[in-house]
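Written out below as C-alpha cells is the structure these notes cover.
By convention in this document, chain letters (A, B, ...) are assigned in the order of the sequence lines, proteins followed by strands, and residues within each chain are numbered from 1. Just so it is clear, the values below take in all heavy atoms, side chains as well, and ignore hydrogens, waters and symmetry mates. Computed from a predicted structure; not experimentally measured.
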There are 2 protein chains.
Amino acid sequence: MPREINGRPVIETPRGPVLTPCAPGSVLARLGDKWTILVVSMLSLSPDAPMRFGALRRGIPDISQRMLTLTLRNLERDGLVARHYYTELPPRVEYELTDRGKSMLKPLAAFTDWIRDTWQDIEASRREFDAAEQRRI
Amino acid sequence: MPREINGRPVIETPRGPVLTPCAPGSVLARLGDKWTILVVSMLSLSPDAPMRFGALRRGIPDISQRMLTLTLRNLERDGLVARHYYTELPPRVEYELTDRGKSMLKPLAAFTDWIRDTWQDIEASRREFDAAEQRRI
DNA sequence: CGGCATCCGCTACGATACTG
DNA sequence: CAGTATCGTAGCGGATGCCG
C-alpha cells in the first residue's frame, strides 16, 4: 500500500520518494488565487440566504467588478457556488454556496485558523529576512 | 464582540457585512502558488532528517531548478523551512521544516484531505460547465 | 444592477547557459 | 551539486467604457 501525503500518492524509489503528478493541484491553484477564499468567506456568512452581487462586492474591499465576476464564475464552474438570475428591472443576481461548497468550510477553517494564528510571526520573519539580505548586499 | 470568518474580522454595516482588509492574504498567496505545497509535502515525508536539494528536485516531477530554488527561498523567508549549507566539494545543501513549518502540517492536511475527496467531482463539474458553455455559443 | 469587452502593466514561471 | 543570471512568454488582475 503506497504512502500518501496531502492527498497525493508517493512512490518509493532507490533515490528517494517521488510525488505523483498532480491533478488536485488545479483545485489548489484555483482556491489559492487572490480572491476566491474571500468570496467563499463572504458567502459562508449567510449559510441559508443567497447574497446579491452588490452585497458581495461591498463586503470585499478593493475587489474590482471584473474580478468578482470572474471569481464567482470559476466557483460556479467548480460546483461550489450556485447562481440565481432574476430578470427584473434592474436585474437581480444572487449567489449561494452549494452543498459541496459548504462541505469545504470546516477543512478550510482548520487551515485559515492556522494562518490567523501564525501570519504575524511569518510577516516578522519576512522583515527579518529582508533586512539581513539588505546587509549582505 | 465582532464576528469572525476564516480568521478575518467582519464589520456589520447597514448594507451588510464587510470583511476587513487582509494581511493574511499574503500568506495564502504564497502557499497557494504552484509549487509551495508540493515542496512542503516532500519535506514532511522525512520529518526528522533534512533533505538535499537534489532529492527534493527528483521528488517533484517537472519542477525546474529555478522554481525549486525560489520556492525554498520563500519558505525560508517565511520561517517555515531551515537551510543548511555545507562548504564541501561538491557542495551539499539540506533543507528541513522548522517547528513553525511542522505546525502547519495538520491544518493543511485537513484541507488537502477535502481536496483529495472532492477534486474528481470538481473536475467533472468543470467539464459539464464547459460543455454547457459550448452549446450556448 | 450586473456583466462583458478592451487595453495594458506586472509578475509568475519556464528554458538555457554559466559559476563556485 | 547547488545556485545565479538572463531572456522570453503567458496570464492574472486593474481601469475604463458600453450593454441588457
- Query: In whole angstroms, how far is the C1' atom of dC12(D) from the CG atom of Asp62(A)?
  - Reply: 17 Å

- Query: Can you say whether the rings of Phe111(B) and Phe111(A) are parallel (under 30°), tilted (30 to 60°) or perpendicular (over 60°)?
  - Reply: parallel

- Item | Euclidean distance, atom CE of residue Met67(B) to atom P of dA2(D) [Å, nearest integer] | 18 Å

- 5'-most by nearest nucleotide on DNA chain C - Arg30(B) or Arg58(A): Arg58(A)

- Heavy-atom side-chain proximity of Leu19(A) to Met42(B) below 4.5 angstrom: yes

- Message: Just N and O in the side chain of Ser64(A): are any of them under 4.0 Å from OP1 or OP2 of dG14(D)?
- Response: yes

- Arg100(A) and Ser125(B) side chains, donor-acceptor separation under 3.5 Å: yes

- Note on the structure: Separation of dG13(D) atom P from Gln65(A) atom CD, nearest Å, is 17 Å

- Between Glu76(A) and Arg73(A), is any pair of side-chain heavy atoms under 4.5 Å apart? yes

- Watson-Crick and G-U pairing of DNA chain C, under 3.5 Å, as dot-bracket with | and [ ]: .|||||||||||||||||||

- Query: Mind checking whether Asp130(B) and Arg77(A) have side chains closer than 4.5 Å, heavy atoms only?
  - Reply: yes

- For Arg57(A) and dA15(D), what is the distance between atoms CZ and C1' respectively, to the nearest whole Å? 11 Å

- Item | Within residues 69-80 of chain B, residues whose heavy atoms come under 4.0 Å of DNA chain D | Thr69(B), Arg73(B)

- Query: What is the nucleic acid contact for Tyr95(B), judged by heavy atoms within less than 4.0 Å: base, sugar-phosphate only, or nothing?
  - Reply: sugar-phosphate

- Message: Rounded to whole Å, please give me the gap between CG in Asp33(B) and C1' in dC12(D).
- Response: 14 Å

- Cluster link Leu105(B) to Leu38(B), ILVMFWY, side chain under 4.5 Å: yes

- Checking Glu96(B), Glu94(B), Arg92(B) against His84(B) for side-chain hydrogen bond (donor to acceptor under 3.5 Å, both in side chains), the one that qualifies is Glu96(B)

- Which nucleotide of DNA chain C is the first, and which the last, in the 5' to 3' direction, to come under 4.0 Å of a heavy atom belonging to chain A? dC1(C) to dT6(C)

- Query: Got Thr36(A) and Asn74(A) here, is their nearest side-chain heavy-atom distance under 4.5 Å?
  - Reply: no

- Message: I'd like to know if Asp113(B) pairs up with Arg116(B) as an ion pair, taking the criterion as any Lys NZ or Arg NE/NH1/NH2 lying under 4.0 Å from an Asp or Glu carboxylate oxygen.
- Response: yes

- So do Thr13(A) and Arg58(B) actually touch side chain to side chain, heavy atoms under 4.5 Å? no

- Task: Calculate the interatomic distance between Tyr85(A) atom OH and dG20(D) atom C1'; express it in whole Å.
- Result: 6 Å

- Message: When you compare the side chain of Leu97(B) with that of Val81(B), does any pair of heavy atoms fall below 4.5 Å?
- Response: yes

- Can you tell me how far C1' of dC18(D) sits from CZ of Arg66(A), to the nearest Å? 15 Å

- Task: In whole angstrom, give the distance that lies between atom NE2 of His84(B) and atom P of dG3(D).
- Result: 13 Å

